[in-house]
2 protein chains.
Amino acid sequence: MTAKLKGETREPPDITRTAVTAAAEPIQVNFNSLPAEENPPERISIRDVAKQAGVSIATVSMVVNQNPRISRGTHVRVQRVIDSMGYRPNRLAQSLSSRYTQVLAVILPPLRHAFADAYFGEILSGISDRAGKLGHKLLIEQAKPQYIKEGKHIELYERRFVDGVLCLGFNEKHGFLSDLRQYPMILVDNRFGEGVLDYVHCDYRMGAKQAMNCLLQLGHRNIGMIYAAPESPTARDVLEVYTTELRNAGIEVKESWMADGCFTDEGGAAAADLLTHRDKDLTALLCGNDKMALGAIRYLVEHGHKVPQDISVVGFDDIQHLAYANPSLTTVHLPLYELGVAACERLVSRIRGKVDRVAEVLPTHLVLRESTSIVRTR
Amino acid sequence: MTAKLKGETREPPDITRTAVTAAAEPIQVNFNSLPAEENPPERISIRDVAKQAGVSIATVSMVVNQNPRISRGTHVRVQRVIDSMGYRPNRLAQSLSSRYTQVLAVILPPLRHAFADAYFGEILSGISDRAGKLGHKLLIEQAKPQYIKEGKHIELYERRFVDGVLCLGFNEKHGFLSDLRQYPMILVDNRFGEGVLDYVHCDYRMGAKQAMNCLLQLGHRNIGMIYAAPESPTARDVLEVYTTELRNAGIEVKESWMADGCFTDEGGAAAADLLTHRDKDLTALLCGNDKMALGAIRYLVEHGHKVPQDISVVGFDDIQHLAYANPSLTTVHLPLYELGVAACERLVSRIRGKVDRVAEVLPTHLVLRESTSIVRTR
DNA sequence: CTGAAAGCGCTTACAG
DNA sequence: CTGAAAGCGCTTACAG
């Protein structure tokens, strides 16, 4: 595997001119240190350090890895040589010899805008921050059909790209998840089967209870629900609590009060359209996420319903910039950043064998803003 | 580097119970194939394949790498053994021996919501899709101050994590970029110095011209500008075209017509506040990105200005869901997905030595929606 | 066209 | 407490 890579045999690589050429140009920017070392820095290996320090490579290795078996004296001495030579261990060699790659993968669903998604983004922030602190790198992948078909998700482990994987935005419908059950993997913000896979998710039941409580206390009784992905256990949690709470309040639950909004803005708008036409007495809408809530509000406002005076709307997620919406959205705050942190933390524990089962649920809370009010009197 | 990792020496890893335990639980999901191989699949190496196929490991290696020196016969025979044994080459060993890691890194700026950003997200989608097609993995990093201080960006290459890096959202103020100029690196959607670093960016001059053209044709003469990051060359392009086009139209450019909106929603609102108070005759606002445009519109509408009747607003980026804003936003479409594709493509060429300089500019176009109209008559 | 051997740069028992 | 040696799983000249 020289310059020749699969299906790219034609053009002989022109190695004659490389970065060196570009770097020879005049530069008027602040250099950070290094006396402008132009040539591709010749790599220094553990052997070079060993020779320079007058010890064996085994000793250098143990110093790098803070092995306590090395005496304080040699440690200091070798470390000084390491620093002065600017030695950085080759992690390919480290990982090939040792058990770990120190790399994790995040797998995203094959949605067109998965990378620009506020929900995934917030979780990713948490994962990235914690991974950095734990000395791990993050590989990011999108599980398109072709990707799964080719078994790329399995290759992640088998070809030693990563030690573990975090799966975002998947549910029981995604069978490929069970291919990974024998490896360190954590399903983020959902469950799978009954504890078949490790998971960390937000407490959607608690969130739904908080939302319903709020609406019922405001006097609402005709409450519609815009749900999505009923095959998802956490989404089902919300749906169940919704019906249970209505029943507990002595309200007859109607099938016609519920519509699927597909987790999208447009879906939310369409669902609001459907619901308000099916039952003109609806005074509130509980939505499975903020995007659908925003879409619903947009539809309602554009069609002459006042929010919240005519219809109250509650969302789920508490994604950024919601406070700027008009009206600002009352919603269930999901601790997504913390979820990412927890998932990453647990995955690393799992990899290190410190834990053999991960099943964690994070509490939510309601954020009361302008899209809800006391029920309208007629 | 066993189970002992830096600063984590305390707890002896409990290796006794691992994935096997969990997998032994009852499972009621669709298995994909494999006769439920519960034990951690013992890895099969190139040696196993060689023995089974009755050839040398060199031959197996060459078959895997499609080396044409292998005869058709042995190729087919060995390939069959590879398939039947389910052999997957260990990429750590491959990379250690060969010149490439087949991994690229994307470095994002240290913004709180960098991962949930529509602008970055769209570029990332393009990068991810193309990287996948080119057989490369993607590492994702955020360049926090600490990260740079510790030289992690240099480690990316020196410790052989990646072959190349794509930098998103940076400009000349970010000195660390010059640390990377001796390695394959592409600055995405900006320039640095005068061609010091490889880059691919959108044609902001063209975009600015299209936007100004539109506003001038609609009869606007008192046009304000909400810019951001004047230290960024591409942002400066817009500012320059803005003033040039005004002058060409015989309009005196006023310093008071310009305000910094920091690329944020809130910044855009604040800038709109400032500008409309400094000059009540402003009939149009050109904004450096969509977020600021949306913030400006929000401010204007909330303070009694009708958009577009009183003030027209034009944005930059054309991020998703803009068509749903009210009024929907007229904006300069930046080919961000294509930008990501191009950047990734060029970087890989650069790594393979097929090209020694990357400097590419992608065309834009204006998307006319509802936030602009003919100038108000007074 | 194929194989034996050296080497990539580390870690890890095993001696001492 | 430290070193010599084997080994991780590949690729790549070098022979033949």
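These values consider heavy atoms only, across backbone and side chains, with no hydrogens, waters or symmetry-generated copies. Just so it is clear: chains get the letters A, B, ... in the order the sequence lines come, proteins before strands, and each one is counted from 1.
In this structure, A:Q94 reaches the C:dT11 phosphate: one of its side-chain N or O atoms is under 4.0 Å from OP1 or OP2. Considering only side-chain N and O atoms, B:T74 lies nowhere under 4.0 angstrom from the phosphate OP1 or OP2 of C:dC1. Dashed line: the shortest gap from a side-chain N or O of B:S45 to OP1 or OP2 of D:dC8 is not under 4.0 Å. Contact annotation: B:N90 side-chain N/O to D:dC8 OP1/OP2 distance is not under 4.0 Å. Side-chain N/O atoms of B:Y87 include one lying less than 4.0 angstrom from OP1 or OP2 on D:dC10.
Under the 4.0 Å criterion applied to side-chain N and carboxylate O atoms, A:K144 and B:D129 are assigned as salt-bridge partners. Remark: A:R346 does not engage A:D198 in a salt bridge, criterion side-chain N to carboxylate O under 4.0 Å. Ion pair B:R91/A:E155 not flagged as a salt bridge, since none of the NZ, NE, NH1 or NH2 atoms sits closer than 4.0 Å to an Asp/Glu carboxylate oxygen.
At a threshold of 4.0 angstrom between heavy atoms, the contacts of B:S95 with the nucleic acid are absent. At the heavy-atom level, B:I70 lies under 4.0 Å from the strands shown only through sugar-phosphate atoms.
Atom-to-atom, CG of B:L96 to P of D:dC10 comes out at 12 Å; the value is rounded to the nearest Å. Rounded to whole Å, atom P of D:dT2 lies 21 Å from atom NZ of A:K51. D:dG9 atom P lies 13 Å from atom CD of A:E158, rounded to whole Å. In this structure, A:Q66 atom CD and C:dT11 atom C1' are separated by 16 Å, rounded to whole Å. A:R159 has its CZ atom 9 Å from the P atom of D:dC10, to the nearest Å. We find that CG of B:N65 is positioned 17 Å from P of D:dG9, with the value rounded to whole Å. Remark: C1' of D:dC10 and CZ of B:R160 are 13 Å apart, rounded to the nearest angstrom. Rounded to an integer number of Å, the gap from B:N67 CG to C:dT2 P is 11 Å.
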Item to complete: Evaluate the criterion side-chain contact (heavy atoms from CB on, under 4.5 Å) for residue pair B:V106 and B:I123; output intermediate values, then yes/no.
Response: CA-CA 10 Å; B:V106 172; B:I123 300 175; over 6 Å; no
Discussion item. If you apply the rule side-chain contact (heavy atoms from CB on, under 4.5 Å), what do you find for B:L92 with A:F161, and how did you get there?
Written reply: CA-CA 8 Å; B:L92 293 170; A:F161 280 104; over 6 Å; no
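Rounded to the nearest 0.5 Å, atoms CG (A:L156) and CG (A:L139) are 6.0 Å apart. Taking OG from B:S45 and NZ from B:K51, the interatomic distance works out to 8.5 Å, rounded to the nearest 0.5 Å. We find the CD1-CG distance between A:I140 and B:L124 to be 7.0 Å, quoted to the nearest 0.5 Å.
Set against C:dT11, D:dT11, C:dG9, the side chain of B:I46 has D:dT11 as its closest nucleotide.
The aromatic ring centres of B:F176 and B:F170 sit less than 6.0 Å apart.
Two residues, A:H75 and B:R88, neighbour DNA chain D, and the one matched to the more 5' nucleotide by heavy-atom proximity is A:H75.
With hydrogens and angles ignored, a donor-acceptor pair under 3.5 angstrom links the side chain of B:S97 to the base of D:dC10.
Listed here is the closest heavy atom pair of B:E158 and B:Y183: OE2-OH, 2.9 Å.
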Could you pull out the protein-nucleic contacts involving nucleotides 3-6 of chain D (nitrogen or oxygen on both sides, under 3.5 Å)?
from: D:dG3; atom 1: OP2; to: A:S56; atom 2: N; distance (Å): 3.1
from: D:dG3; atom 1: OP2; to: A:S56; atom 2: OG; distance (Å): 3.1
from: D:dG3; atom 1: OP2; to: A:T59; atom 2: OG1; distance (Å): 2.5

Worksheet item: So what's the dot-bracket for DNA chain C: Watson-Crick or G-U pairs under 3.5 Å, [ ] if a pair crosses, | if it pairs off-strand?
Response: |||.||||||||.|||
